[in-house]
Novice: 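Starting off with a structure, shown below.
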Amino acid sequence: MTGPGQQFLFASAPDSWGVLDYPGPSWEQSYEKMLDEMVEAGYTGTELGPYGYFPTDPDVLRGQLEKRKLKLLGSFVPVKMGDLNAEKEVIERIRKVGDLLAKLKAPFLVLADDQTPGRNAFSGRANDPACRRLDAEQWKHVGKIVAGAEKVAQEFGLDLVFHPHVATYVETPEECEKFFDATSHTNIGLCLDTGHAVYAQGDAVKEAEKYKSKLRFVHIKDCDQKVLAAARKNKWTFEEAIEHKVFTIIGQGNIDFPAFFRTLKKNNYSGWIVVEQDVKFDAVTTPPAQSIAESLKYLRDVEAGLENSGAAAR
């Protein structure tokens with residue numbers, strides 16, 4: 001997947017431009033300008049973003065990507081995993097997105113639980129005793145849903161990975177463990193998001209180590225711990241915390257990325273890393289083109305530091 005001497009390949013995603021999961025003003029942005037800005041910043045790949053923002057005609061999208069030499073990596077697909085009556089809807093959605101990804105030779109389908117108002121009210125505070133959790137029957141259903149999703153992904157030649165996400169029923173490290181227990185009969189991997197791990201009262205480095213055998217895809221976000229503390233204190237929803245800029249340009253928050261990348265390197269993780277900064281559309285102080293460029297520069301410096309320390313050790 002990577003070239004000679006390359007352990008990590010960096011991609012971007014539409015959420016750094018504030019593109020939401022549903023149509024609205026954020027979808028009126030020029031996707032062509034967005035792709036141009038990714039390339040200018042130095043990225044070589046992109047995620048699809050919400051289905052329908054980029055062209056869904058594979059020939060059109062393929063042409064736009066190829067002329068910029070960008071690789072399409074996959075799509076984030078949130079589904080109602082704990083809803084016992086939503087299995088048909090879940091599989092249909094996975095099949096629709098998977099068909100487009102397969103036609104563009106994308107490697108990943110990134111599955112996540114869908115956000116709910118009840119869990120959103122406890123964003124970052126899911127350990128609160130008042131926070132609702134999945135029951136035993138629902139966890140069994142999660143295992144069934146993932147098995148069905150894996151079958152569809154295999155039909156399309158896609159690697160199915162799971163993204164623990166704030167404001168969902170699989171948010172905390174404990175819930176992530178329950179998820180992989182419930183899906184142990186499948187081969188689903190982990191898409192670890194550093195920002196969501198910290199937001200969920202976890203530790204990105206520890207999660208990367210814990211799931212080193214399942215870690216197949218990485219999303220990079222940085223998190224401002226002061227804003228996160230305020231979010232918990234004031235009981236903000238996930239969207240309110242994003243509006244207050246809980247996620248920062250990479251390197252300007254509090255996540256220890258040198259330690260995180262040392263862990264990836266030690267465990268021989270090799271491949272794509274998607275750099276993201278969830279922002280509220282039309283409420284950014286730093287233009288997305290500048291933000292993603294500064295983020296990549298910081299990560300390249302981290303990567304160079306690892307290489308230099310490795311050379312010194314030899």
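Numbers for residues simply follow the sequence, beginning at 1. All heavy atoms count here, side chains included; hydrogens, waters and symmetry mates do not.
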Novice: Which pair of heavy atoms, one from L190 and one from C176, lies closest together, and at what distance?
Specialist: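 That closest heavy-atom pairing would be CD1-SG, 4.5 Å.
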Novice: Can you tell if the side chain of D224 reaches within under 4.5 Å of the side chain of N254, non-hydrogen atoms only?
Specialist: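 Result yes, sub-4.5 Å side-chain heavy-atom pair found.
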Novice: Ring-plane angle category for Y53 and Y31, please: parallel below 30°, perpendicular beyond 60°, tilted otherwise.
Specialist: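 Geometry flag for Y31 against Y53: perpendicular rings.
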Novice: So, the side chain of S291 versus the backbone of P287: is there a donor-acceptor pair under 3.5 Å, distance only?
Specialist: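 No, because the side chain of S291 does not come within donor-acceptor range (under 3.5 Å) of the backbone of P287.
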Novice: Which value, rounded to the nearest 0.5 Å, describes the distance between K221 atom NZ and T194 atom OG1?
Specialist: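 If we round to the nearest 0.5 Å, K221:NZ and T194:OG1 are 7.0 Å apart.
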Novice: Taking atom NE2 of H165 and atom SG of C191, what is their separation to the nearest 0.5 Å?
Specialist: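 Going from NE2 on H165 over to SG on C191, the span is 10.0 Å.
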Novice: Please determine whether a side-chain nitrogen of the Lys or Arg among E239 and K280 lies less than 4.0 Å from a carboxylate oxygen of the Asp or Glu.
Specialist: no
Novice: So do the side chains of F180 and I188 get within less than 4.5 Å of each other, counting heavy atoms only?
Specialist: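 Yes, at least one pair of side-chain atoms sits under 4.5 Å.
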Novice: Under 4.0 Å between a Lys/Arg side-chain N and an Asp/Glu carboxylate O for K33 and D36?
Specialist: no
Novice: Are Y211 and L160 linked, directly or through intermediate hydrophobic residues, by side-chain heavy-atom contacts shorter than 4.5 Å (ILVMFWY only)?
Specialist: yes
Novice: Kindly say whether R132 contributes a backbone atom to a donor-acceptor pair with the side chain of R119 at under 3.5 angstrom?
Specialist: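 Yes, because the side chain of R119 sits within donor-acceptor range (under 3.5 Å) of the backbone of R132.
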Novice: To the nearest 0.5 Å, how far apart are CG in L35 and OH in Y43?
Specialist: 13.5 Å
Novice: Under a 3.5 Å threshold, yes or no: a donor from one side chain and an acceptor from the other, between R68 and Q64?
Specialist: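 Present: a donor and an acceptor within the cut-off.
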Novice: Is there a donor-acceptor pair under 3.5 Å between the side chain of Q138 and the backbone N or O of D135?
Specialist: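 At least one qualifying donor-acceptor pair exists.
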Novice: Considering only NZ, NE, NH1 and NH2 on the basic side and carboxylate oxygens on the acidic side, decide whether R95 and D99 come within less than 4.0 Å.
Specialist: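 Not counted as a salt bridge, because no side-chain N and carboxylate O are separated by less than 4.0 Å.
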Novice: Please verify the inter-ring angle class for F261 with F10; under 30° counts as parallel, over 60° as perpendicular, anything in between as tilted.
Specialist: tilted
Novice: Any heavy-atom pair between the side chains of L9 and I273 that's under 4.5 Å?
Specialist: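 A side-chain contact is absent here, since even the closest heavy-atom pair is not under 4.5 Å.
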Novice: Are the side chain of E207 and the backbone of A204 linked by a donor-acceptor contact shorter than 3.5 Å?
Specialist: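 No, the answer is negative, given that no donor and acceptor are paired below the 3.5 Å cut-off.
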Novice: A quick test of your reading: do over 12 heavy atoms of other residues, nucleotides or ligands sit less than 6.0 Å from NZ of K297?
Specialist: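 Atom NZ in K297 is not packed in, count stays at 12 or less.
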Novice: Got a salt bridge between K178 and E175, using NZ or NE/NH1/NH2 to carboxylate O under 4.0 Å?
Specialist: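 A salt bridge is absent here (no side-chain N lies under 4.0 Å from a carboxylate O).
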Novice: Give the intermediate values and the outcome of ring pair (Phe, Tyr, Trp, His ring centres under 6.0 Å) for residues H196 and F238.
Specialist: CA-CA 10 Å; H196 283 265; F238 186 46; 5.4 Å; yes
Novice: Less than 3.5 Å apart, any donor N or O on the side chain of D222 or Q277 sitting next to an acceptor on the other?
Specialist: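 No, because no side-chain N or O of D222 sits under 3.5 Å from a partner of the opposite role on Q277.
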Novice: Is there side-chain contact between E87 and V79, with heavy atoms separated by less than 4.5 Å?
Specialist: no
Novice: Less than 3.5 Å apart, any donor N or O on the side chain of E243 or W236 sitting next to an acceptor on the other?
Specialist: no
Novice: Within the 4.5 Å heavy-atom criterion, are F257 and V205 side-chain neighbours or not?
Specialist: no
Novice: Could you state whether V19 and V279 fall into the same hydrophobic cluster, counting links through intermediate Ile, Leu, Val, Met, Phe, Trp or Tyr residues with side-chain heavy atoms under 4.5 angstrom apart?
Specialist: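 Unlinked, V19 and V279 end up in two clusters.
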Novice: So do D159 and L109 actually touch side chain to side chain, heavy atoms under 4.5 Å?
Specialist: no
Novice: Is it true that V60 and W27 fall in one hydrophobic cluster, defined by side-chain heavy atoms closer than 4.5 Å?
Specialist: yes
Novice: State whether the side chain of D113 and the backbone N or O of M81 hold a donor-acceptor pair below 3.5 Å, judged by distance alone.
Specialist: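 Yes, the answer is positive, given that a donor and an acceptor are paired below the 3.5 Å cut-off.
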Novice: Test your reading of the model: is there a side-chain donor-acceptor pair from R62 to the backbone of D57, 3.5 Å cut-off?
Specialist: no
Novice: Got a donor-acceptor contact below 3.5 angstrom from the E47 side chain to the V274 backbone?
Specialist: no
Novice: Sub-3.5 Å donor-acceptor pair from the side chain of Q290 to the main-chain atoms of T286, do we have one?
Specialist: no
Novice: Taking K105 for its side chain and L73 for its backbone only, find out whether a donor-acceptor pair lies under 3.5 Å.
Specialist: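 No, the answer is negative, given that no donor and acceptor are paired below the 3.5 Å cut-off.
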Novice: Applying salt bridge (charged side-chain N to carboxylate O under 4.0 Å, His left out), name anything that partners K266, two or more places apart in sequence or on another chain.
Specialist: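 Once residues adjacent in sequence are excluded, the partners of K266 under the salt bridge (charged side-chain N to carboxylate O under 4.0 Å, His left out) criterion are E209.
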Novice: Quick test of your reading of the model: are R300 and E303 salt-bridged, counting only N-O distances below 4.0 Å?
Specialist: yes
Novice: Do V198 and Q225 have side chains that get closer than 4.5 Å, going by heavy atoms?
Specialist: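 With C-beta onward as the side chain, the pair touches.
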Novice: Please state whether the rings of F217 and F108 are parallel, tilted or perpendicular, taking 30° and 60° as the class boundaries.
Specialist: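 Ring orientation of F217 relative to F108: parallel.
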Novice: Measure the OH-CZ distance between Y199 and F247 for me, rounded to the nearest 0.5 Å.
Specialist: 7.0 Å
Novice: Please name the pair of heavy atoms, one in L228 and one in C223, separated by the smallest distance, quoted to 0.1 Å.
Specialist: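 Closest pair (atom of L228, atom of C223, distance): CD2-SG, 3.9 Å.
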Novice: Over all heavy atoms of both residues, which pair between G74 and A106 is shortest? Give the atoms and the distance, please.
Specialist: N-CB, 3.9 Å
Novice: Can you tell me if NZ on K80 sees more than 12 non-hydrogen neighbours from other groups inside 6.0 Å?
Specialist: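 Open: at most 12 neighbouring heavy atoms sit under 6.0 Å from NZ of K80.
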Novice: Taking atom CG of N120 and atom OG1 of T168, what is their separation to the nearest 0.5 Å?
Specialist: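 The distance works out to 10.0 Å.
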Novice: For the pair E37 (side chain) and M34 (backbone), establish whether a donor and an acceptor sit closer than 3.5 Å, ignoring hydrogens and angles.
Specialist: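 Looks like no, no N/O pair under 3.5 Å.
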Novice: Does the plane of the ring in H163 sit parallel, tilted or perpendicular to the ring in H219? Use 30° and 60° as the thresholds.
Specialist: perpendicular
Novice: Go through it in stages, so that I can follow the logic: the residues are S184 and D181, the test is side chain to side chain donor-acceptor pair (under 3.5 Å), and I'd like the CA-CA distance, side-chain angles, deciding distance and then a yes or no.
Specialist: CA-CA 5 Å; S184 59; D181 283 344; over 6 Å; no
Novice: Check whether any side-chain heavy atom of R93 sits under 4.5 Å from a side-chain heavy atom of V77, and report yes or no.
Specialist: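 R93 reaches V77 side chain to side chain.
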Novice: How many angstroms lie between CH2 in W17 and CD1 in I292, if you round to the nearest 0.5 Å?
Specialist: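 Those atoms lie 3.5 Å apart.
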